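This report concerns only the one structure given below.
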Amino acid sequence: MTAQAPGGLPMVVPTEDLPPRVRIHEVGARDGLQNEKATVPTEVKAEFVHRLADAGLTTIEATSFVHPKWVPQLADAEALFPLLDDLARTKGTHLPVLVPNARGLDRALALGARRVAVFASATESFAKANLNRTVDEALAMFEPVVARAKEAESAHDQVHVRGYLSMCFGDPWEGAVPIAQVVRVCKALLDMGCDELSLGDTIGVATPGHVQELLAALNEQGVPTDRVGVHFHDTYGQALANTLAALQHGVTTVDASAGGLGGCPFAKSATGNLATEDLVWMLHGLGIETGVDLGRLTATSVWMADQLGRPSPSRTVRALSHQEQ
């Protein structure tokens, strides 16, 4: 099945003061599938990642080296990662993986992973629910993990470390999150050696003004925009509006999930991620390059929806593939 937009759509109308190109950090294979009730077979996951790469995505988060007790859907990380080796070798695809602790990092490095991510929280409640630690205890746990990752670098073989930060805009237990609180944890992650940050709107409560206010506050405290990516959930239908606000501020890395898969197993009010197809439709309409073939990407999400036994929640996937609501 090849999905194509109606002729000439979206109409390309560039807007001033937006980046010419955006790097999409695809999270469907990890953040999307970890929230599924059923466990997807390893071979299906591998094909999913290959199809995403064939659609033009260059950064695809592959899996998580977390203990199977906590995320059983990703218990096959050791079996999956070698099945993706050809993508790194032949396409140069970046395949970041989540490493929650030193043990997870060692497992990932042993398989040749060179892009890893740690997962912190801006709030005490979520740090307790997700990591069973305070915010500062979690940061103390991650510091040697990041240091160890950087020690694994060589002159020609660097290890890139991403710092995810959850609950940047609101918390289901604590409500609104003070911007200064978010900035403090962001700076701590960068100070310990993270190469980039991903600001997570885990429960989807952000609005565009809030996004720009946080980005401005980070800049004021010495955090450059080119070290920041954004990760929006569409709980209240604000994900694209928030993304545009981030682009207007100069952000060029946006997280998204093919077909809108995912949520957060530790925050029940978190619904699906921003769908990659919806993001690509908007970016292409703005004349922003992504390198993504929207038809191939849509076909991939339709295929994955068939594997999961339900339609994709992405509006663009449904429109281009005529899926039933």
Side-chain angles (χ1 to χ4, degrees), residues 1-3 24-57 59-66 68-81 83-84 87 93 95-98 200 202-204 231-235 237 239-240 255-281 292-325:
M1 173 264 185
T2 301
I24 297 175
H25 187 104
E26 172 60 47
V27 301
R30 195 278 301 173
D31 194 16
L33 296 185
Q34 79 171 16
N35 203 46
E36 291 298 313
K37 293 180 180 178
T39 299
V40 176
T42 304
E43 294 74 17
V44 173
K45 292 177 183 175
E47 184 170 351
F48 185 36
V49 175
H50 278 86
R51 286 176 179 241
L52 291 170
D54 288 342
L57 289 156
T59 303
I60 305 169
E61 201 160 274
T63 188
S64 173
F65 287 85
V66 67
K69 173 183 176 182
W70 300 113
V71 185
Q73 296 89 339
L74 302 181
D76 59 350
E78 264 93 358
L80 173 64
F81 202 74
L83 299 179
L84 309 177
L87 292 177
T93 307
L95 299 167
V97 295
L98 198 65
T202 314
I203 57 172
H231 184 119
F232 295 118
H233 286 231
D234 207 31
T235 314
L240 280 177
D255 296 4
S257 176
L261 294 173
C264 177
F266 302 101
K268 299 307 180 187
S269 56
T271 54
N273 290 293
L274 169 61
T276 310
E277 295 82 1
D278 297 357
L279 173 63
V280 169
W281 181 276
V292 174
D293 183 315
L294 183 56
R296 286 192 175 192
L297 178 60
T298 298
T300 295
S301 289
V302 171
W303 172 83
M304 194 67 216
D306 288 343
Q307 305 300 311
L308 298 172
R310 65 171 187 275
S312 167
S314 164
R315 290 172 174 82
T316 300
V317 169
R318 291 184 175 187
L320 295 183
S321 64
H322 310 293
Q323 284 190 351
E324 293 297 326
Q325 300 296 317

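Just so it is clear, the model here is predicted, and its values are computed rather than measured.
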[Y] side chain reached by [X] side chain, heavy atoms, under 4.5 Å:
X: Val49; Y: Leu83; result: no
X: Phe65; Y: Leu98; result: no
X: Leu320; Y: Leu294; result: yes
X: Leu308; Y: Glu36; result: yes
X: Arg296; Y: Asp54; result: yes
X: Asn35; Y: Gln73; result: no
X: Thr93; Y: Leu95; result: yes
X: Asn273; Y: Leu261; result: no

What residues, two or more places apart in sequence or in another chain, satisfy side chain to side chain donor-acceptor pair (under 3.5 Å) together with [X]?
X: Thr59; value: Arg23
X: Glu78; value: Arg107
X: Ser64; value: none
X: Thr39; value: none

Non-neighbouring partners of [X] that pass side chain to side chain contact (heavy atoms under 4.5 Å, CB included), sequence neighbours left out:
X: Ala275; result: Glu277, Asp278, Ser314
X: Ala75; result: Pro68
X: Pro41; result: Glu43, Val44

Find the distance between [atom1] ([X]) and [atom2] ([Y]) and round it off to the nearest 0.5 Å.
X: Leu33; Y: Leu80; atom1: CG; atom2: CG; result: 9.5 Å
X: Ile60; Y: His50; atom1: CD1; atom2: NE2; result: 9.0 Å
X: Thr298; Y: Trp281; atom1: OG1; atom2: CH2; result: 9.5 Å
X: Phe48; Y: Glu26; atom1: CZ; atom2: CD; result: 6.0 Å
X: Asp306; Y: Trp303; atom1: CG; atom2: CH2; result: 9.5 Å

Exercise. When you look at Asp234 and Leu274, which way does the side-chain contact (heavy atoms from CB on, under 4.5 Å) test go after all the steps?
Worked result: CA-CA 6 Å; Asp234 207 31; Leu274 169 61; 5.7 Å; no

For this session: Using the side-chain contact (heavy atoms from CB on, under 4.5 Å) rule, take Leu279 and Thr316 through it: C-alpha gap first, then chi angles, then the decisive distance, then the call.
Result: CA-CA 9 Å; Leu279 173 63; Thr316 300; over 6 Å; no

Exercise. Quick one: do the Asp255 and His25 side chains pair a donor with an acceptor below 3.5 Å?
Worked result: no

Set of salt bridge (Lys or Arg N to Asp or Glu O under 4.0 Å) partners for [X], sequence neighbours left out:
X: Asp293; value: none
X: Asp76; value: Lys45
X: Glu47; value: Arg51

Exercise. Sub-3.5 Å donor-acceptor pair from the side chain of Thr235 to the main-chain atoms of Ile203, do we have one?
Worked result: yes

Problem set entry | Residue pair Phe232, Leu240: steps toward the side-chain contact (heavy atoms from CB on, under 4.5 Å) verdict | CA-CA 8 Å; Phe232 295 118; Leu240 280 177; over 6 Å; no

